[in-house]
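Encoded as structure tokens, the structure appears first; notes follow it.
Just so you know, these numbers come straight off a predicted model, no measurement behind them. Within every chain, numbering begins at 1; the chains are lettered A, B, ... in the order of the sequence lines, protein sequences first and strands thereafter.
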Amino acid sequence: MFQARIHGRGGQGVVTAAELLSVAAFRSGHHAQAFPSFGSERTGAPVVAYCRISDAPIRTREPVVAPDALIVQDVTLLRQVDVTSGLRSGGYLLINTARDPVDLALPLPAEVLLATVPATELAVTHIGRPVPNVALLGGFAALTGLIGLEALAAAIADRFPPQLAAGNEAAARAAFAAVEDPEVRHATAD
Amino acid sequence: MNERVRFYQTGSFAVRNRLLPVVDASVQSDPGRSNAITSGHRACQGCGEALGARYALDAAMRAADGRVVAVNATGCLEVFSTPYPETSWQIPWLHSLFGNAPAVASGVAAALRVRGREDIRVVAQAGDGGTVDIGMGPLSGMFERNDDVLFICYDNEAYMNTGVQRSGATPPGARTMTTQAVGPHPGAPFGQGKDLPRIAMAHEIPYVATATVADLRDLEAKVTTAMALRGARYLHVLVPCPLGWGTPGHDTIRVARLATESGLFPVFEAHHGEITTVTPIRRRVPVTDYLRVQKRYAHLFGDPPATAEIARIQEQADRTIRRYGITEVTV
Amino acid sequence: MRQQIEGSQAVARTVAACRPQVICAYPISPQTHIVETLSRLVQSGALTGCEYLNVDSEFAAMSAAIGASAAGARTYTATASQGLLYMVEAVYNASGLGLPIVMTVANRAIGAPINIWNDHSDAMSQRDSGWIQLYAEDNQHAADLHVQAYRLAEEVSLPVMVCMDGFILTHAVEEVEVPDAEQVDAFLPPYDPRQVLDPDEPVSIGAMVGPEAFLEVRYLAHLRQMQALATIPRIAADFAAVTGRHRDGLVSRYRMEDADLVVVALGSVLGTLKDTVDSLRDEGLPVGVLGITSFRPFPLAAVGEALAHTSRVLVLEKSLAVGIGGAVSSNVRTALAARPVPTTTVIAGLGGRPILRSSLDTVIRGTLAGEVPDLFFLDLKTDLVEREVARMRAARRSGPAAENILRDVAGVGDPHAVGRPR
């Protein structure tokens with residue numbers, strides 16, 4: 001079972017991202033489960049959502065405490081929340097920032113594959129709004145290889161009206177291409 | 001139609017005012033009336049609510065061609081009409097709770113609408129407690145959704161079913177078991193209580209009207225008017241309670257008439273929040289004429305009398321007459 | 001069609017497939033997505049022949065449902081937590097009148113302290129309300145239970161509460177085969193009410209019943225729930241015949257063979273429990289899980305039989321019966337009356353506290369070793385409790401307890417000093 005945790009802020013589409021990820025996984029023939037860290041958070045408050053992907057039916061309901069992958073939708077959370085809590089060694093970490101992964105100087109478990117992508121900028125370019133969630137899923141697809149870009153595109157098309165879907169898909173493809181470039185990925189060594 | 005018809009309520013054989021044309025005859029004078037709430041119920045002698053409900057429902061039944069569903073809040077009407085296993089209701093009748101009759105009626109109306117049975121009309125009824133106090137939230141909801149319900153409040157100005165306690169409709173100065181005639185300010189406090197007809201009008205529902213059991217033809221006419229309309233309609237009927245008001249059972253109609261003739265209870269109709277008719281007073285009387293016949297005000301007429309309180313009640317009557325522009329009929 | 005869908009959406013679409021004629025809606029988290037989706041289905045014309053009432057409170061919601069059901073309409077509403085408590089008077093009335101209303105309860109804690117997260121306090125408070133209560137383990141189960149709930153309610157003329165864990169299920173996106181109208185039509189006959197407000201056949205409903213007959217009317221309500229014990233499995237089998245999805249209607253057994261310890265639970269925690277038990281079984285520990293789907297009527301015989309060979313029972317409860325411990329445990333102990341075995345009550349997951357596999361693993365091992373007290377609070381932060389107890393001992397005006405504890409959690413200053421009015 002692969003477990004992902006998505007950190008962001010209310011209004012950034014954190015819950016939608018987890019849902020889309022689960023739909024893309026489902027469309028790829030996996031079992032998937034997405035759920036938010038249930039709260040009454042208002043716009044701007046830290047929000048967490050989870051996604052499990054497995055080849056067997058998923059029964060557990062506990063929150064993801066030991067994620068295989070993390071998506072950080074807002075880089076300012078790195079100073080506010082212990083986002084990397086429980087991240088396994090050899091896991092994945094994708095951060096929404098234009099900065100180079102090395103410059104972030106994050107304390108991380110061994111062998112974590114770290115990538116950054118300027119998802120907010122990509123979202124502004126392609127959909128005209130600074131909502132980075134879908135673009136980051138494109139980056140996530142490239143980083144983990146867990147879901148296909150086409151399954152993601154189909155999930156996006158299911159979720160959004162055509163114009164917004166097209167923009168989001170373009171942003172996701174751009175982020176995919178950016179993360180696929182080996183220069184943006186950075187494996188930590190212990 | 002030549003056979004003699006026994007007049008149910010009085011045992012007399014009076015059918016109708018023979019000077020009136022047949023079309024103007026009252027519903028009650030019609031031997032084919034529905035007797036929606038039939039005789040044998042357990043109301044007290046002289047019960048204004050039983051009288052009002054009988055006239056209102058038979059008028060509704062005539063207007064709806066016999067297709068009426070009644071919803072009832074908990075209260076005297078509910079209790080005296082259905083001592084298990086007997087029921088006085090000859091129409092489909094549903095009692096759920098004290099405070100939810102308006103919402104239950106909304107549900108009945110919704111079900112009838114969806115089942116294509118809008119020919120069946122919904123009448124909901126409650127006392128003043130079930131209307132102005134505990135049922136007011138659902139009532140306001142029923143009004144604002146403009147659900148197709150005629151809601152009738154039988155107002156006897158206190159919780160009579162539980163033994164005469166103050167409600168939001170209890171008038172100032174009145175003695176109840178929770179506003180007793182003791183202390184420096186006996187009876188119900190001044191400056192409290194709510195005026196539900198005006199609250200109903202603020203919802204701008206199709207029809208709001210008031211009536212009393214002193215003018216049963218007027219009550220029938222208003223029910224008939226209400227039944228000709230669709231949407232939320234509200235009828236507020238003043239129904240004296242011999243037990244709670246401390247009046248003889250045979251004086252129910254007289255006391256109700258004094259309530260209107262003193263100006264304390266305005267009788268009017270309003271369409272979509274605007275007053276359209278106001279019933280004139282036949283012979284205006286001072287409020288003392290109304291108060292003095294009721295034991296619930298007896299403490300106002302002690303030695304010395306509570307002149308200040310009586311004056312405040314008179315002011316209230318004067319204000320009501322001004323507010324509604326109630327005129328006096330000159331004969 | 002199997003789809004990846006939010007639990008609330010799946011339930012709303014399933015309810016729509018049951019062709020409800022009147023839906024009474026009032027928003028409360030975490031139930032709201034269900035009535036929102038139904039609103040969209042009605043307003044868009046996708047669900048026809050349905051009146052959607054936006055009412056003014058949960059009390060009005062249940063009251064309107066009573067009126068609609070009595071007037072012959074298939075009726076639906078949904079609520080949670082404070083909303084369920086706000087409608088309690090009407091909840092009892094609906095069952096007392098024998099009206100087959102189906103209501104989803106998106107289980108949520110009850111305040112004070114106000115808390116929007118999941119536990120079973122709301123539904124458990126209504127366990128004796130006369131409603132049938134079915135608890136869903138996952139969203140497929142939740143969807144399927146709604147279809148069965150209508151069949152059951154209308155067959156036995158009693159209202160049915162389908163309980164699904166708030167947020168954990170209502171907001172979870174997972175795969176569900178949403179029953180379609182064709183399947184539902186094959187399973188669920190049109191509503192044929194036992195009593196209806198009809199001018200052609202007038203009846204009085206809701207009359208005053210005195211001491212001479214009240215007991216008999218109440219006994220009948222009990223009798224019908226007892227009859228439902230036989231109806232529920234039959235309906236589950238019928239449902240399986242139409243959809244191919246079978247789950248036992250009353251209880252579900254998991255790895256019960258030769259189990260020395262059986263964990264009894266309701267709702268979505270069963271999934272986490274099964275995973276936990278799998279790993280314990282891998283180590284050779286004889287542990288099983290008994291899920292209770294029908295909590296009312298309580299399947300005393302089925303529970304007693306399922307636990308007939310176990311030597312220890314752990315009841316995991318998501319609600320606290322303050323002053324005694326657990327309501328589910330009391331019922332389970334009744335089922336074990338003929339052959340009492342040590343029964344441990346574990347209170348867990350209150351107010352949305354995550355129930356972790358690691359914690360379940362620990363408490364199950366502890367129970368096997370006989371080291372867990374009869375009443376145990378899973379993951380209780382005793383230090384927080386002790387600090388507040390100390391504050392209360394130290395000063396009369398110790399201030400509001402919940403806020404004091406929150407300050408301790410946040411590590412903000414000296415709550416004792418801050419909390420005191422000066």
Please find the pair of heavy atoms, one from [X] and one from [Y], that lie closest to each other, and give the distance.
X	Y	value
B:Ala110	C:Glu51	O-CG, 3.4 Å
B:Gln90	C:Pro202	O-CG, 3.5 Å
C:Cys50	B:Val114	N-CG2, 3.6 Å

Taking every non-hydrogen pair under 4.5 Å, which of [options] racks up the most with chain C?
options	value
B:Leu94, B:Asn100, B:Leu97	B:Leu97
B:Gly66, B:Pro92, B:Ala111, B:Ala70	B:Pro92
B:Ser81, B:Ala64, B:Gly107	B:Gly107
B:Ser140, B:Ser96, B:Ser88	B:Ser96

Given heavy-atom pairs under 4.5 angstrom as the criterion, report whether the side chain, backbone, both or neither of [X] touches chain C.
X	answer
B:Asn72	neither
B:Ala105	neither
B:Ile120	side chain
B:Val71	neither

Less than 4.5 Å to any heavy atom of chain B: does that hold for the side chain of [X], its backbone, both, or neither?
X	result
C:Ser204	both
C:Leu97	side chain
C:Ala90	both
C:Val55	both

So CE of C:Met208 and OG1 of B:Thr87: to nearest 0.5 Å the spacing works out to 12.5 Å
Around [X], counting heavy atoms of other residues, nucleotides and ligands shown, do more than 12 lie under 6.0 Å from its [atom1]?
X	atom1	answer
B:Arg115	CZ	yes
B:Glu118	CD	yes
C:Met226	CE	yes
C:Tyr86	OH	no
C:Glu182	CD	no
C:Leu223	CG	yes

Max heavy-atom pairs within cutoff under 4.5 Å with chain B, candidates C:Gly96, C:Ser63, C:Ala71, goes to C:Ser63
Pair count under 4.5 Å, heavy atoms only, with chain B: among C:Asn54, C:Thr75, C:Asn93, highest is C:Asn93
Close side-chain approach of B:Met142 and C:Asp56, heavy atoms under 4.5 Å:
no
Requested in this report: Taking the side chain as every heavy atom from C-beta outward, state whether C:Phe59 and B:Pro138 have any atom pair closer than 4.5 Å.
Outcome: yes
